[in-house]
Amino acid sequence: MRRGQRPSAEQVVLTLRQIEVQTAQGKSIAIACKEAGICEQSYATSACAKRSSTR
């Protein structure tokens, strides 16, 4: 993603899922986020929003 562009909902879900898989395989959240190209704060915010929307 270029700076200033918002990812689509599908891209957000795909990125969150990739990070979940990597953390399940033993990688830290910091490393998984870095490989996905996002900061940990963005991951925490998106993951929290994802959890609250499924309730």
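The residues of the chain are indexed from 1 along the displayed sequence.
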Problem set entry | Steps toward side-chain contact (heavy atoms from CB on, under 4.5 Å) verdict (L14, E10) | CA-CA 6 Å; L14 178 64; E10 292 83 14; over 6 Å; no
Problem set entry | For C33 against E40, the heavy-atom pair lying closest together |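 That would be SG-CA, 4.1 Å.
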For this session: Report the residues that fulfil salt bridge (charged side-chain N to carboxylate O under 4.0 Å, His left out) with E35, sequence neighbours left out, ordered by chain and then residue number.
Result: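 Residues passing salt bridge (charged side-chain N to carboxylate O under 4.0 Å, His left out) with E35: K27.
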Exercise. Rounded to the nearest 0.5 Å, what separation is found between the OG1 atom of T23 and the CD atom of Q18?
Worked result: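 Taking OG1 in T23 and CD in Q18, the distance rounds to 12.0 Å.
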Problem set entry | Value rounded to 0.5 Å, distance of CD1 in I38 from OG1 in T45 |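 Separation between the atoms: 9.5 Å.
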Exercise. Is a side-chain N or O of S46 found less than 3.5 angstrom from the main chain of Y43, in a donor-acceptor match?
Worked result: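 Pair absent, no side-chain N/O of S46 close to backbone of Y43.
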